[in-house]
There are 2 protein chains.
Amino acid sequence: MKKRTTIHDLAKQLSLDSSTVSRALRGSPLVKQKTKDIVNDLAIKLNYKPNRLASNLRSNKSNTIGVIVPRISRHFFSSAISGIEEEAYKKGYNILICQSQDKFKYESKNIDNLLHNRVDGLIISLSLETRDLSHFSELFESETPIVFFDRVPMNALEYRPIIKIVNDDEAISYNATTHLINQGCERIAYHSGPDSISIYNARLKGYYKALKKASIPILKNMIFYSNLMLKDGVDFARKILELKKLPDAIYSANDTTALSSMQYLKSQGIRIPQDIKMIGFSDEPASAMSDPTLTTVDQSGVEMGKVAVKKITDLIENREEMQLQSNQIITMNSTLIIRESSR
Amino acid sequence: MKKRTTIHDLAKQLSLDSSTVSRALRGSPLVKQKTKDIVNDLAIKLNYKPNRLASNLRSNKSNTIGVIVPRISRHFFSSAISGIEEEAYKKGYNILICQSQDKFKYESKNIDNLLHNRVDGLIISLSLETRDLSHFSELFESETPIVFFDRVPMNALEYRPIIKIVNDDEAISYNATTHLINQGCERIAYHSGPDSISIYNARLKGYYKALKKASIPILKNMIFYSNLMLKDGVDFARKILELKKLPDAIYSANDTTALSSMQYLKSQGIRIPQDIKMIGFSDEPASAMSDPTLTTVDQSGVEMGKVAVKKITDLIENREEMQLQSNQIITMNSTLIIRESSR
DNA sequence: TATTAAAATACAATCGATTGTATTTTAATA
DNA sequence: TATTAAAATACAATCGATTGTATTTTAATA
């Protein structure tokens, strides 16, 4: 590896001290303009690039934001990461991305690893298995700012201020269900994720509320729980077909299962939306490509990612003032995208 | 921020020198077992975590691999990143992920940024706009190992050894086309990406070869070029419908356009696969959900990502020997997934 | 021209770990 | 017990940048 130009090389060539060069490069008012000019000129000439490792060590700032998501390749998360990357790049931060694979164990390890790397802040969406925050204790102690998004802790954390960025899950879920009711549906089956997870809990609540508002009785045998994987959609559809009386609509808490349910139902001769109307959640690319195209909720992961970075950098850069604030919950607006499957 | 335990804290408490503590923690044979034990015990007790910034600075290794992809949220790339993350985590490396947004300008900036951060190696898939490697010159000079994957430079780089990981694009493209021919197709339209990009170039070649092999004349008006965005699929389908004689098959160089073409064709009353058979490329999740389901090529981005990390860490850790080797091209096997759209 | 304040620069310590080498301790041998 | 080699530990420098403070230079004023 070729030796890179350092601040000392510049200093020597210009018969200056490295401290003056350092200040000159960062535009400090303590340095004369003329000196700044000659330093900058030489820096460009010798292609000087500050060594981040060194400056980070000295300033005790890693200039890095840790990001933990369940799975990078899931569309919502890769969109969020995309937004995070864009915004972090703009603000001059690097991001360190880890995936928990929806396992509590990996999530713990990831947190540990990010602590090791002295990240300035953490943006995280919790794993399916996460029910408490015991594995955050060290992170809390180190006072690293944390922003939770999408899958956030269900309870407020009294002992330290925290930022949560969530979707308006309950409200949009209410809208989605109401949309089905407006289409004349009365028997609306619901496929939920684990209700220990904030988002699924909220979506379920919205569903309940809409039924209640419309005075439609809530039938417990129309509500199913799973981890919302592809095959769960098929299982769910099978169970639906075993019901004495078929539902006239199915609402699933994600698109993956909505689509796999749809596919199975179609294979069994059920017509969508004529026999059963369907709604999913998240607006996966596949949902615009299915036949019929799937009504769903656009969550805008990109935007959520950007907001998460804005918040975490606020926390990092104005630590004092921000820390004084109490828990903060930011709610993003999502949109119901009405497509063929519910018309 | 609470002060973290350092190697000096341990040293002081044990009346040892920091150098001995450092060696003890890393299991150096220069330190007595008993000393190692008491050091490790205290390290656990005080929850010591080595400061990576400091050790990286000293050892002049960032322990970080830079990753540049066109877009994080594209399924193939998020899968690749997922594989990269998994393997890098196993090997104790961090990854710094950037997206070029398929722009040459951003790709340059990303390279610059990663250089700043002194990454130990770079894994990259080139942007659509990248036609030469002029923006790599500094990286080459710094002798940072590089692994290209998927979209790789078209020409061998004589002046330095480089690893490329590619799909068997040409071969699988040949197979895909032959599959259509075997299904009785003779007029196979092809929707290509820019042929300045390695993968599209190779896929086109495979298509040509298969036609030649079957003595089917190559009709230039059946071949279209675009950037393969969603709307390009619609444009392509429109042009297809304007042809005096319709093709009996369409082969698209990615799934996104294959699916949007399919959707448009269906909306115009064309039956798939009865009137026109279709094949895409990449096995996006949507392709298993469309109606008909789309025949496509499974590229296994996850596996490619893992291999990329294995290769880059080989380069980083055995720099000398590896540098002696000449250019290396690793070809991954992909699979043709035959679904309804081509039967 | 001498004095003084302000501006510019240099000095020195530091961030936390690592590493070559010097020194001390321990164990082995005469 | 004295000598010597080996083992264990301490010392000191270093990675490259940053920052508080001391020193020098420059400019302003008497």
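Chain letters run A, B, ... following the sequence lines, proteins first, then strands; residues in each count from 1.
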Atom-pair distance (CG on B/Leu53; P on D/dA17), nearest Å: 14 Å

Presence of A/Ser18 side-chain N/O under 4.0 Å of D/dG16 phosphate oxygens OP1/OP2: no

Ionic contact status for B/Asp102 with B/Arg74, cut-off 4.0 Å: yes

Interatomic distance where CG belongs to A/Leu30 and C1' belongs to D/dT23 [whole Å]: 14 Å

Upstream residue (5' side of DNA chain D) when A/Ser22 and A/Lys32 are each assigned their closest nucleotide: A/Ser22

Side-chain touch A/Ser55/A/Pro50, heavy atoms, less than 4.5 angstrom: no

Sugar-phosphate only, base, or nothing, as touched by B/Ser19 at under 4.0 Å among non-hydrogen atoms: base

Rounded distance (Å) that lies between atom P of C/dT18 and atom CZ of B/Arg26: 4 Å

Position toward the 5' end of DNA chain C (nearest nucleotide), B/Ala54 or B/Thr20: B/Ala54

Gap between atoms CZ and P, on A/Arg4 and D/dG16 respectively (whole Å): 11 Å

Sugar-phosphate only, base, or nothing, as touched by B/Leu16 at under 4.0 Å among non-hydrogen atoms: sugar-phosphate

Pair B/Asp17 + B/Arg23: basic N to acidic O under 4.0 Å: no

Whole-Å distance separating the CG atom of A/Asn60 from the P atom of D/dT19: 12 Å

Flag if over 12 foreign heavy atoms under 6.0 Å of CZ, A/Phe136: yes

Neighbour count >12 (heavy atoms, 6.0 Å) for atom NZ, B/Lys36: yes

Touch class at under 4.0 angstrom, heavy-atom based, for A/Ser28 against every strand present: nothing

Sugar-phosphate only, base, or nothing, as touched by B/Arg52 at under 4.0 Å among non-hydrogen atoms: nothing

Nearest-Å distance for atom pair NZ/P, residues B/Lys12 and D/dA10: 15 Å

Contact check, side chains of B/Leu25 and B/Tyr48, non-hydrogen atoms, under 4.5 Å: yes

Side-chain N,O (B/Thr35) to OP1/OP2 (D/dT9) below 4.0 Å: yes

Closest nucleotide among C/dC11, C/dT18, D/dA8 to the A/Arg23 side chain: C/dC11

Min side-chain heavy-atom separation A/Asn94-A/Arg52 under 4.5 Å: yes

Nucleotide-level pairing of DNA chain D, given in dot-bracket where Watson-Crick and G-U pairs need both distances under 3.5 Å and | marks other strands: ||||||||||||||||||||||||||||||

B/Lys49 and A/Glu138 ion-paired at < 4.0 Å: yes

5' priority, DNA chain D, between B/Val31 and A/Asn51 [closest heavy atom]: B/Val31

Nucleotide D/dG16, atom C1' - distance to NZ of B/Lys61 in whole Å: 19 Å

Interatomic distance, A/Arg58 CZ vs C/dA13 C1' [rounded to whole Å]: 8 Å

